[in-house]
Protein chains: 2
Amino acid sequence: MADRSTRRRVGIGDVAARAGVSHATVSRVMNGNTTVNSAIAARVQAAAAELKYKPNPVGRSLALGKTETIGIVVPDLSNPTFQSILRDVSIAAARDGYRVLIADSSEVSSEEAILAGEARRRCDGVVLCAPRMSQDDLEELAPTLHPLVLINRTTEHSSTPSLVVDYGHGIQQLGAHLVELGHRRIAYLTGPERSASNVQRLRGLEKFVQDYPEVELQFIPGGNTYDAGNEASDAVASCGATGILVFNDVAAMGLLHGLSERGIRVPEDLSITGYDDMPFARYTMPGLTTAAVPITQLGSLAWRRMREHIKQADAESPTDHFEPHLEIRGSTAPPKA
Amino acid sequence: MADRSTRRRVGIGDVAARAGVSHATVSRVMNGNTTVNSAIAARVQAAAAELKYKPNPVGRSLALGKTETIGIVVPDLSNPTFQSILRDVSIAAARDGYRVLIADSSEVSSEEAILAGEARRRCDGVVLCAPRMSQDDLEELAPTLHPLVLINRTTEHSSTPSLVVDYGHGIQQLGAHLVELGHRRIAYLTGPERSASNVQRLRGLEKFVQDYPEVELQFIPGGNTYDAGNEASDAVASCGATGILVFNDVAAMGLLHGLSERGIRVPEDLSITGYDDMPFARYTMPGLTTAAVPITQLGSLAWRRMREHIKQADAESPTDHFEPHLEIRGSTAPPKA
DNA sequence: CTGAAAGCGCTAACAG
DNA sequence: CTGTTAGCGCTTTCAG
């Protein structure tokens with residue numbers, strides 16, 4: 001039983017009493033049911049206003065079987081990519097009167113299923129953002145979450161819409177751009193191993209070397225943080241490549257700093273590319289050539305798919321593809337003669 | 001009535017039936033009530049496991065009068081400061097089994113009260129982060145939100161703990177640092193007008209000019225974004241000052257880029273300081289001298305205060321102060337002779 | 001130690 | 001058009 005405050009919050013019964021009607025009528029008025037006599041409705045509105053009555057959403061949720069809340073689980077809230085997705089989803093959902101509950105798995109893949117399940121029980125649906133779990137685990141989990149929207153992963157489960165950024169294509173474009181500038185010795189500074197988007201970049205690079213057999217491609221272990229990029233500076237400086245494809249803009253910025261400290265000029269001595277076109281990418285020095293991910297559309301589309309499935313359980317479940325496009329700035333140029 | 005799925009989720013009744021006991025007993029077992037006969041308890045556990053039963057949190061919340069969720073309302077989720085607070089609060093809360101619901105007011109101060117109220121109704125408490133609303137509005141709102149924790153604002157209301165960063169002190173330190181280097185003509189590139197933390201910096205600067213009457217201080221309109229900093233480049237370049245205090249690291253980075261494009265060297269021609277010591281601040285070129293805000297402690301302390309008030313309505317409500325400390329990097333140096 | 005029953009705050013059939 | 005009543009899924013008194 002609930003009784004934790006000295007005097008209870010004002011409930012539907014208080015309004016009913018004050019307006020001299022039943023709860024049911026108050027409920028009808030609060031929900032804009034027009035079949036209520038307007039005089040009575042006015043009386044109820046007045047009573048509600050005087051008491052500053054607001055319906056208790058928990059009671060409402062229990063009765064309606066919906067919470068008007070969605071959950072979003074991300075691998076790491078400190079990652080700008082996920083921050084930006086979170087923000088866009090949240091804004092899109094808010095426009096339709098929905099809220100978002102967040103869950104951060106801290107990159108622990110075994111937590112993802114638990115967090116997603118919990119979120120699902122409290123919410124009308126969940127968006128799983130770039131989950132790190134294995135494909136098998138994902139296939140098993142997806143059906144239990146139903147209104148589920150997947151970002152940067154796909155599943156066999158027929159009623160799960162996916163939104164995927166074609167990271168492979170973006171990195172191919174960046175590579176091609178370097179080749180056109182005249183680079184032949186190229187290195188890829190890798191991202192986190194568990195990241196599906198890193199794997200996609202690697203696949204894209206396989207195609208890239210097929211398309212340009214004259215290119216000599218090597219791989220340098222990196223990461224997705226400023227520090228990781230910075231720490232790779234020595235390895236990059238000594239690898240012999242003239243063009244470096246970096247996993248993302250964050251790592252690229254760290255690398256840029258480290259190279260500058262070592263007296264290596266970009267783009268004169270070395271060309272650098274980032275990935276994502278984060279807000280700061282145009283303000284590094286020099287500005288970063290990068291692949292822009294249309295991330296704003298992504299958040300709002302994720303919400304749209306979610307809303308469709310909330311409204312209608314068997315709504316369509318397409319896989320939406322997002323194509324990054326090249327954003328050429330000052331960090332790339334022809335190699336030294 | 002709720003009936004939107006073809007077959008309902010498994011509820012407490014299903015487990016009870018399967019184990020041949022009453023709902024009450026299942027409830028007791030699920031809540032670890034030890035007064036249950038262990039044989040029966042085992043039977044219930046088994047039944048629950050077979051059916052993959054998980055208690056419905058909405059029903060639970062209604063009965064218990066608590067949701068184990070807190071709300072956090074921020075002015076703008078794209079602001080790195082708030083992202084970082086959100087993340088830290090969320091991680092701290094998660095450790096105690098609480099979740100967080102987010103609300104972004106999009107810098108619209110009139111939305112704050114509404115969002116906070118809604119969040120409060122669905123949650124056990126709310127964290128109001130740097131609200132833009134007037135002091136009067138805040139005083140009126142605070143008592144209605146009770147378990148309320150305020151970040152970067154304070155209120156008269158006796159049972160509202162506050163966490164405030166002493167932005168004024170930090171900017172004084174930055175100013176003093178410039179003076180020690182020999183700067184006398186200094187400019188402050190301002191932040192958003194409605195931002196309390198900008199106001200605090202302005203107050204700190206008042207004291208700063210009192211302490212150093214030899215300093216000539218001017219103000220240049222800025223903002224809190226990369227673009228705002230960048231757009232202020234011309235104004236900064238022509239203002240005659242030799243040291244620029246920028247509202248935060250983000251704007252400082254934008255400015256750095258703009259100055260570089262105009263051939264102005266930092267720190268040789270102009271010294272620049274940021275504020276916040278965001279993760280990228282050490283990787284701008286040159287690295288930013290800035291005031292580091294101990295923001296991680298802030299998030300976990302905010303949660304601790306919140307938890308205290310959830311557990312005990314009349315818990316203490318101190319105002320916790322956070323002192324920024326100087327972080328000196330390459331963007332400041334003595335002025336040109 | 002267990003079950004029956006009431007109640008959390010609300011919505012929605014169903015009568016009237 | 002309005003009130004009565006049942007019920008959403010769970011917890012907790014209160015008897016037994």
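Naming: A, B, ... by sequence-line order, numbering from 1 per chain.
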In whole angstroms, the gap separating C1' of C:dT2 from CZ of B:R43 amounts to 11 Å

Restricting to salt bridge (charged side-chain N to carboxylate O under 4.0 Å, His left out), what partner residues turn up for A:R132, sequence neighbours left out? A:E107

Between protein and nucleotides 1-4 of chain D, what N or O pairs are separated by less than 3.5 Å?
unit_1 : atom_1 : unit_2 : atom_2 : d
D:dC1  : O5'    : A:T35  : O      : 3.1
D:dT2  : OP2    : A:N37  : N      : 2.7
D:dG3  : OP2    : A:S22  : N      : 3.2
D:dG3  : OP2    : A:S22  : OG     : 3.3
D:dG3  : OP2    : A:T25  : OG1    : 2.7
D:dG3  : N7     : A:R28  : NH2    : 2.6
D:dG3  : O6     : A:R28  : NH1    : 3.2

If you measure only the distance, is there a donor-acceptor pair under 3.5 Å linking the side chains of B:S317 and B:H157? no

Specify the angle, to 10°, made by the local axes at the two ends of the helix from C:dC1-D:dG16 to C:dG16-D:dC1 when five pairs are taken at each end. 50°

Gap between atoms CZ and P, on B:R121 and C:dC10 respectively (whole Å): 11 Å

Between C:dC10, D:dT12, D:dG9, which nucleotide gets closest to the side-chain atoms of B:L64? D:dT12

My understanding is that only residues two or more places apart in sequence, or in another chain, count here; which of them pass salt bridge (charged side-chain N to carboxylate O under 4.0 Å, His left out) with B:E139? none

Would you mind reading off the distance between B:I12 atom CD1 and D:dC8 atom P, rounded to a whole angstrom? 13 Å

Salt bridge or not between A:E308 and A:R304? Use side-chain N to carboxylate O under 4.0 Å. yes

Check the distance between C:dT11's C1' and B:L62's CG and give it to me in whole angstrom. 13 Å

Check: A:R60/A:N31 side-chain N/O donor and acceptor closer than 3.5 Å: yes

Is there a side-chain contact between B:N56 and the phosphate of D:dC8, meaning an N or O under 4.0 Å from OP1 or OP2? no

With sequence neighbours excluded, what pairs up with A:A19 under the side chain to side chain contact (heavy atoms under 4.5 Å, CB included) test? A:V21, A:V44, A:A47

Quickly work out the B:K66 NZ to D:dT11 C1' distance and round it to whole Å. 11 Å

Note, B:Q135 side chain near B:R153 side chain (heavy atom, < 4.5 Å): yes

Whole angstroms only, please: what is the NZ-P distance between A:K54 and C:dC10? 13 Å

Which residues pass the salt bridge (charged side-chain N to carboxylate O under 4.0 Å, His left out) test with A:R121, sequence neighbours left out? none

